[in-house]
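Written out below as C-alpha cells is the structure these notes cover.
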Amino acid sequence: MAMFSLAIRARAKANPLLTRRALHFRNFCNGRFGLSTSESNPPDRPVAGTKFLESFKEEFEIGSRVISLETGKIARFANGAVVLGMEETKVLSTVAAAKGDAVRDFLPLTVDYQEKQFAQGLIPNTFMRREGAPKERELLCGRLIDRPIRPLFSAGFYHEIQVMASVLSSDGKQDPDVLAANATSAALMLSDIPWGGPIGVVRIGRICGQFIVNPTMDELSLSDLNLVYACTRDKTLMIDVQAREITEKDLEAGLRLAHPEAVKYLEPQIRLAAKAGKQKKEYKLSMVSEQFFEKVRKLAEAPIDAVFTDPSYGKFERGEALEKITQDVKSALGEGCDEQSLKVLPKVVDTVRKKVVRKRIISDGFRLDGRHLDEVRPIYCEAGHLPILHGSALFNRGDTQVLCTVTLGAPQDAQRLDSLVGPPTKRFMLHYSFPPFCIDEIGKRAGLNRREVGHGTLAEKALLAVLPPEDDFPYTVRINSEVMASDGSTSMATVCGGSMALMDAGIPLQEHVAGVSVGLVTDVDPESGEITEYRILTDILGLEDHLGDMDFKIAGTRNGVTAIQLDIKPAGIPLGIICESLDPARKGRLQILDHMEQEISVPRNQDDRNSPRLVTLKFSNDAIRRFIGPLGALKRKIEEETGARISVGDGTITIAAKNQAVMEKVQDKVDFIVGREIVVGGIYKGIVMSIKEYGAFVEFNGGQQGLLHISELSHEPVSRVSDVVSVGQQISLMCIGQDVRGNIKLSRKATLPRPESETKSVVEGSAPVTKEKPNIWASPENMSKGEQLESTLEELVPSKMENTESNRSASLMPSVVIRSAAECDEEEKSAGLSKTSKSAPKPKGTLKKGSKQKKIQSSDNMPDLSLSIMLSESLSRMGGNQEVTSQDEGEANLSDQNDKETGGNTPVTPQKLKLGTKVTAKIYQIRARGLVLDLGGGIRGMYKYESNGEREFTVGDELLVQCSSFTSKGIPVMSMVDEE
C-alpha cells in the first residue's frame, strides 16, 4: 500500500492535473482507502468514429424513365451486389460463388427471387406473419433471370453460383422482374466470376398500335402486348411474350424496337464495373484434352451414325443403343484412361453424338425420325375423353401425349395472389404436371417444380387471350395438364389439349389456340464465332431440343400470336434468325389447328345435368341477413347438405353448383328461407300448413302464406281437399293473383297438364285467351294472418258455382294490372261512367224479368270479383294512381253499360262512393242471404235481404240503392231507395 501511495504522489508531482479525485479515489474514511464512485466530473470517454461507406452510382434514362445503378453501400461482403432503382421501386441483386472445385458435368446455377411484404408496407397475412415457401410468381421471376445469364458462362465452368434478388421497396408502378434481371447482370459484372456479359433486359407494351418502352402496370393492363426481351450488344438471349393475337409482322416490329432499347443498359454497367469491379478470378474449368476427345470420336462416331440413320429405332431403343456405345468405348479405352477421364466419358460421348446429328441435319437435311425440316408429326385429337368431367381432351403429337381436364368453379374459387404488383386474384389457372412415368423413370413428387410452373404459365398465357370477359363468363376455370408421354414440346401440346378441353366444357372461346416448338441447328466458324450455316426445324423432338441450339415455343390462333418463350444454349442468336423462325411456326400452327377444328370447332352445349351451374340472385340486405343466419350457420348448413358453394355480396347471393340437380335443390332452400319477388304466373314450391273445407293454406316463398282453393286443386272435380293434399306435403303451385292486403291466391291445377279431352274442347269451342305480361310486386312486409285471409275469402266465395273452361282459363290471368299514372288517367277518362237509358239492351248471359234462372257464373270468378272490390277501394284511398280491371272482358263491358248514377248525373268513381251516395245498380248475382250488385265501373256491392222484404229478384234487374255502410273488408253495403 505504501509503495502504491508513493507512486501516486510521484505521478501527481509530475502531472499536477492528475489528482485523487481525477483518479476516482475515495476520501479516507475509517482508515480505509478505495475508488470513488462520484460522477460529478466524468472523464472524456472514447467516442465511436464515423464510418464512411464509399458507394458508386450510375444514372441513365430509358423510355422516359430515370434508372440508377448503385453499389458499395449495402451487401458489401457479397461477391457482387447492386441496387437498381426506377422511381420508388428498388431491387437488390447479389451473386456469390462456391470456394471448392468439385468435379461436375453441369453448371449448378441457382437464382432466388423474393418479394417480401415490407416492400409495400404490409405485414404478411399468414399464421406466422412471415413469408413462407416461394410463390409461383417468385419462381417465374427467378426463371426470367436465369434464362438470359446462363448461356454466357464459359464452357467447362461448373462452379456453384447463387444469385439472390430481393425487392427492397415497391411503389406498385413498375414490375420488379425486369429490374432484378438488369441488377443481376450488373452484379455479375462487378464480381470476380468469369462471365460473358453484360446483358440488357427491357419490357415493351403496345396501346392503340403504339409501342411503349418500360410501361407501368396501369399501361400494361391496357396493352395488347407484354414483351420481355434480353440481349447482348448484337445477339438475342431470351424472349418472353404474352399477347392478344398480335400478328407476326407487328411482333417482329416490337422485337426490332426492343433490341436497341435493351442495349442502353450495357454502357452504364460497364462504367460501374470500371469504377468498382473486382479482378476476374481464374477458376478451374472442366475441360477435356484434344487427344482424349479424338480417341472417343474415332471409337463412337460410326456406331452413333448407324443408330441415327436407322429409322426403326424409337426413343427408348435409341437411348439404349447409345448407352451400349458408351460402354463399348469405355471397354475399348481400357486401363489407359485415368479416373478423371472416365468420369467425363458420358459427356464426351454426348458431344460426339451432338456433332454427328447436327452435321447430318445441316449437310443432308435429314432429321432423326426421317421428317422434312418443316414437317409436323402425326396428330391425334379426342375431345370429351372423360365425359363425366366438365371438360376433357386428349392430344397426341407424335409420341408426345397430354391429357387436359377443365374444372369450373365459383368466383370465390379464384386464386388469391400476394404479389407486390398485378391483380389480387386470378380466375384462370393452368397447372402442368410432368410425372416421372412419362419418360419411363422413377422419381419423387414434392412441392412446386420450377420447370412445371414455367411450362404451365406459358400455356396459361397462351389460352388467356381467347377466354370470354369475366362479365360474360364469371366462372373460375382450372385446367389440369397431365403429361402421359413426353418426346418434345409438352407445353405446346398442353396449349392444344387445353383449348379443346375448354370448348368441351362449353366455354365460349373466341378461337382455338395451338402451339408448336421451333428448333435451330447452326454451324459456327471456330475462329470468328459467326454462324455460317443454319437449319430451322419445325416441331422438334426431345433429342433435337437437347442437341440443338434453340427451343422457340410459339402459340397462337389463326389471327395471331398469344404467347412466346425463347430459350437458347449458345451465347446469343442473331435477331434476324429469330424473326425468320416466325413464319414456319405459323405454318405448323395452322396445320395443328386444322386437326383440332375437325374434332371440335364450337363450344359444346352444356344443357346436360352434369355440367356446372352458376346463378346470381339479388335480394335486399335484410333478406340476405336472414339467409346467412346467426354467424353464417344457415349458409354453412346449406353448403354442407348440398355440396354447393355460396358467396354473399352487397345485395347478391351467388350460387355455384356441381350440376343442375344441386342447383335446383339450393334454390329451393334459398327461396324457402328468403323468398323472392312474387310473379303472377310464377311457379313456387310450398308446404301445406292447414286444410279447410274450401281449400288449403300453403306456406311458400320464405314463410308467406297463400290460399289454394278447392277449385284450383285439379282439373277434375274434387269433393274433399284432403283427397288431393295433406298437411306437411310439398307441392308446386302457381300464383294466380293477390289482393291489396297481401293475400295470395294459388293454383295447383295450373301446374298440371290438361286432360286430353279438355284440351280438345278448348281448341274447338273456346275463344282464345289473351296473354298478358306477368305482373311483379315485392313481397309485403306485413302479411295478414292466415285466419284473416280465411275469413275474407270465406265471406266472399260462393258456396255453389259452376265451372266452365273459359273461366278456368281466365282465372290463370293476372287480376292486378300495373300502369303508370298517365295511363291510369287516360283509362279513367275513356272508361268514364255515362248516363244510360233504361231501355238499353240487356247484356248477354241474362234472362228476361220474371224468369227464375240465374246468370251462369264460374266458381273461379268470385274470388277475383272480391279482389276487385277491395282493390278498388284501396286504390281510391291512394289517389287512383293504379287501375283495377276485371279478368273477364265481358264483366268490364257489363260494368261500362250499367253505370251508376247520382242526382247530378255524375259518374261514380271509387273516390266518390261515400255514405248516402245513390246509385242505379243492377243485380249481378242472387245469393242465399242477399244480392251482389253491379254499381258500375267495376265496383261490386252487397244488399242483404230485409226480414219482410220481397225476394223475387232476377239477374239484370235495375235497382235504385244508396250506400249505407261499408264492411270491415271495404265492401259497400247498399239499401233500397223508394222511387218517387
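We use all heavy atoms of the structure for the numbers below, so side chains are in, but hydrogens, waters and symmetry mates are not.
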Open item on the list: Measuring only between side-chain heavy atoms, which start at C-beta, is Thr616 closer than 4.5 Å to Pro474?
Closed with: no
Open item on the list: List the residues meeting ring-ring contact (aromatic ring centres under 6.0 Å, His included) with Tyr113, not counting sequence neighbours, and say none if there are none.
Closed with: none
- [ ] Can you measure from OG (Ser486) to NZ (Lys315) and round to the nearest 0.5 angstrom?
- [x] 5.0 Å
Task: Pairs satisfying salt bridge (Lys or Arg N to Asp or Glu O under 4.0 Å), at least one member in residues 391-411, at least two apart - done: Arg397-Asp539
Open item on the list: Taking the basic N atoms (NZ, or NE/NH1/NH2) and the acidic carboxylate oxygens, is any pair closer than 4.0 Å for Arg636 and Glu640?
Closed with: no
TODO: Report the residues that fulfil side-chain contact (heavy atoms from CB on, under 4.5 Å) with Asp668, sequence neighbours left out, ordered by chain and then residue number.
DONE: Lys685
Task: Rounded distance [0.5 Å steps], CG in Leu225 versus CZ in Arg203 - done: 10.5 Å
Distance-only criterion, 3.5 Å: show the donor-acceptor pairs between side-chain atoms of residues 506-514 and protein atoms not counting sequence neighbours.
{"from": "His512", "atom 1": "ND1", "to": "Ser499", "atom 2": "OG", "distance (Å)": "2.6"}
{"from": "His512", "atom 1": "NE2", "to": "Ile600", "atom 2": "O", "distance (Å)": "2.7"}

Open item on the list: What's the separation between atom CD1 in Ile540 and atom OG in Ser517, rounded to the nearest 0.5 Å?
Closed with: 3.5 Å
Open item on the list: Measuring from atom CD of Gln120 to atom CG of Asp418, what distance do you get when rounded to the nearest 0.5 angstrom?
Closed with: 9.0 Å
Open item on the list: Please determine whether a side-chain nitrogen of the Lys or Arg among Arg206 and Asp250 lies less than 4.0 Å from a carboxylate oxygen of the Asp or Glu.
Closed with: yes
Task: Electrostatic pair Glu664-Arg613, nearest N-O below 4.0 angstrom - done: no
Task: Qualifying salt bridge (Lys or Arg N to Asp or Glu O under 4.0 Å) pairs, either residue in residues 406-416, two or more places apart - done: Asp413-Arg645
Task: Any residue meeting side-chain hydrogen bond (donor to acceptor under 3.5 Å, both in side chains) with Asn480, in chain and number order, not counting sequence neighbours - done: Arg478
- [ ] Indicate yes or no: at least one non-hydrogen side-chain atom of Phe437 is less than 4.5 angstrom from one of Ile442.
- [x] no
Open item on the list: Test of understanding: with ring-ring contact (aromatic ring centres under 6.0 Å, His included), list the residues that count as partners of Phe552, not counting sequence neighbours.
Closed with: none
Task: Residues, nucleotides or ligands: over 12 heavy atoms within 6.0 Å of Arg130 CZ - done: no
- [ ] Determine, for Phe434 and Arg451, whether the Lys NZ or Arg CZ falls below 6.0 Å from the six-membered ring centre while staying within 45 degrees of the axis.
- [x] yes
Task: Leu394 side chain reached by Cys381 side chain, heavy atoms, under 4.5 Å - done: no
Task: Polar contact flag, side-chain donor to acceptor under 3.5 angstrom, Gln242-Asn226 - done: no
Task: Heavy-atom check, side chain of Leu389 versus side chain of Val406, under 4.5 Å - done: no
Task: The single option from Leu617, Ile646, Leu634 passing side-chain contact (heavy atoms from CB on, under 4.5 Å) against Phe627 - done: Ile646
TODO: For the residue pair Glu382 and His385, confirm or rule out a side-chain donor-acceptor distance under 3.5 Å.
DONE: yes
TODO: Start with the C-alpha gap between Lys569 and Asp545, add the side-chain angles, then the distance that decides, and say whether salt bridge (Lys or Arg N to Asp or Glu O under 4.0 Å) holds.
DONE: CA-CA 10 Å; Lys569 295 180 179 65; Asp545 180 14; 3.6 Å; yes
- [ ] Can you measure from CG (Leu733) to CD1 (Ile683) and round to the nearest 0.5 angstrom?
- [x] 9.5 Å
- [ ] Could you tell me whether the side chains of Thr490 and Tyr432 share a donor-acceptor contact shorter than 3.5 Å?
- [x] yes
Open item on the list: Atom NZ of residue position Lys135 - does it have more than 12 heavy atoms of other residues, nucleotides or ligands inside 6.0 Å?
Closed with: yes
Open item on the list: Within the 3.5 Å criterion, strictly below it, is a donor on Thr89 or Asp171 matched to an acceptor on the partner's side chain?
Closed with: yes
Task: With sequence neighbours excluded, residues passing ring-ring contact (aromatic ring centres under 6.0 Å, His included) with Phe118 - done: none
Open item on the list: Measuring from atom CD of Glu136 to atom OG1 of Thr457, what distance do you get when rounded to the nearest 0.5 angstrom?
Closed with: 6.0 Å
Task: Pairs involving residues 453-477, ordered by first then second residue, that meet salt bridge (Lys or Arg N to Asp or Glu O under 4.0 Å) (sequence neighbours left out) - done: Asp240-Lys461, Lys426-Glu460
Task: Residues in side-chain hydrogen bond (donor to acceptor under 3.5 Å, both in side chains) contact with Thr642, at least two apart in sequence or another chain - done: none
- [ ] Tell me, please, which residues at least two apart from Ser221 pass side-chain hydrogen bond (donor to acceptor under 3.5 Å, both in side chains).
- [x] none
Task: Heavy-atom check, side chain of Arg625 versus side chain of Ile628, under 4.5 Å - done: no
Open item on the list: For a 4.5 angstrom cut-off between non-hydrogen side-chain atoms, does Thr494 reach Leu430?
Closed with: yes
Open item on the list: Within the 3.5 Å criterion, strictly below it, is a donor on Gln114 or Ser166 matched to an acceptor on the partner's side chain?
Closed with: no
TODO: Of all the heavy-atom pairs spanning Ile145 and Pro148, show the shortest one and how long it is.
DONE: O-CD, 3.2 Å
Open item on the list: Set out, in order, the CA-CA distance, both residues' side-chain angles and the distance that settles salt bridge (Lys or Arg N to Asp or Glu O under 4.0 Å) for Arg143 and Glu138, then state yes or no.
Closed with: CA-CA 9 Å; Arg143 282 173 54 88; Glu138 293 175 329; over 6 Å; no
- [ ] Determine, step by step, whether Lys669 and Glu641 satisfy the salt bridge (Lys or Arg N to Asp or Glu O under 4.0 Å) criterion, reporting the C-alpha distance in whole Å, the side-chain angles of both residues, the deciding distance to 0.1 Å, and the verdict.
- [x] CA-CA 11 Å; Lys669 292 180 178 293; Glu641 291 178 351; 3.2 Å; yes
Open item on the list: Closer than 4.0 angstrom, basic N to acidic O: yes or no for Arg558 and Asp594?
Closed with: yes
TODO: State plainly whether the residues Asp622 and Arg626 are in salt-bridge range, i.e. N to O under 4.0 Å.
DONE: no
- [ ] List the steps, then state whether salt bridge (Lys or Arg N to Asp or Glu O under 4.0 Å) holds for Arg137 with Asp175.
- [x] CA-CA 11 Å; Arg137 171 177 163 79; Asp175 196 328; 2.5 Å; yes
Open item on the list: Other residues, nucleotides and ligands only: do more than 12 of their heavy atoms fall within 6.0 Å of CZ on Arg371?
Closed with: yes
Open item on the list: Show, in sequence, the C-alpha distance, side-chain angles and deciding distance for Val201 and Tyr229, and conclude whether the side-chain contact (heavy atoms from CB on, under 4.5 Å) test is met.
Closed with: CA-CA 6 Å; Val201 186; Tyr229 181 86; over 6 Å; no
Open item on the list: Show the nearest heavy-atom pair for residues Ala465 and Thr562, with the distance to one decimal.
Closed with: CB-CG2, 3.7 Å
Task: Considering all heavy atoms, the nearest Ala493-Thr400 contact - done: CB-CG2, 4.1 Å
Task: Check: Asp583 main-chain N/O paired with Glu248 side-chain donor or acceptor under 3.5 Å - done: no
Open item on the list: Within the structure provided, determine whether Ile624 and Ile653 are in side-chain contact (heavy-atom separation under 4.5 Å).
Closed with: yes
Open item on the list: Restricting to salt bridge (Lys or Arg N to Asp or Glu O under 4.0 Å), what partner residues turn up for Arg150, sequence neighbours left out?
Closed with: Asp146
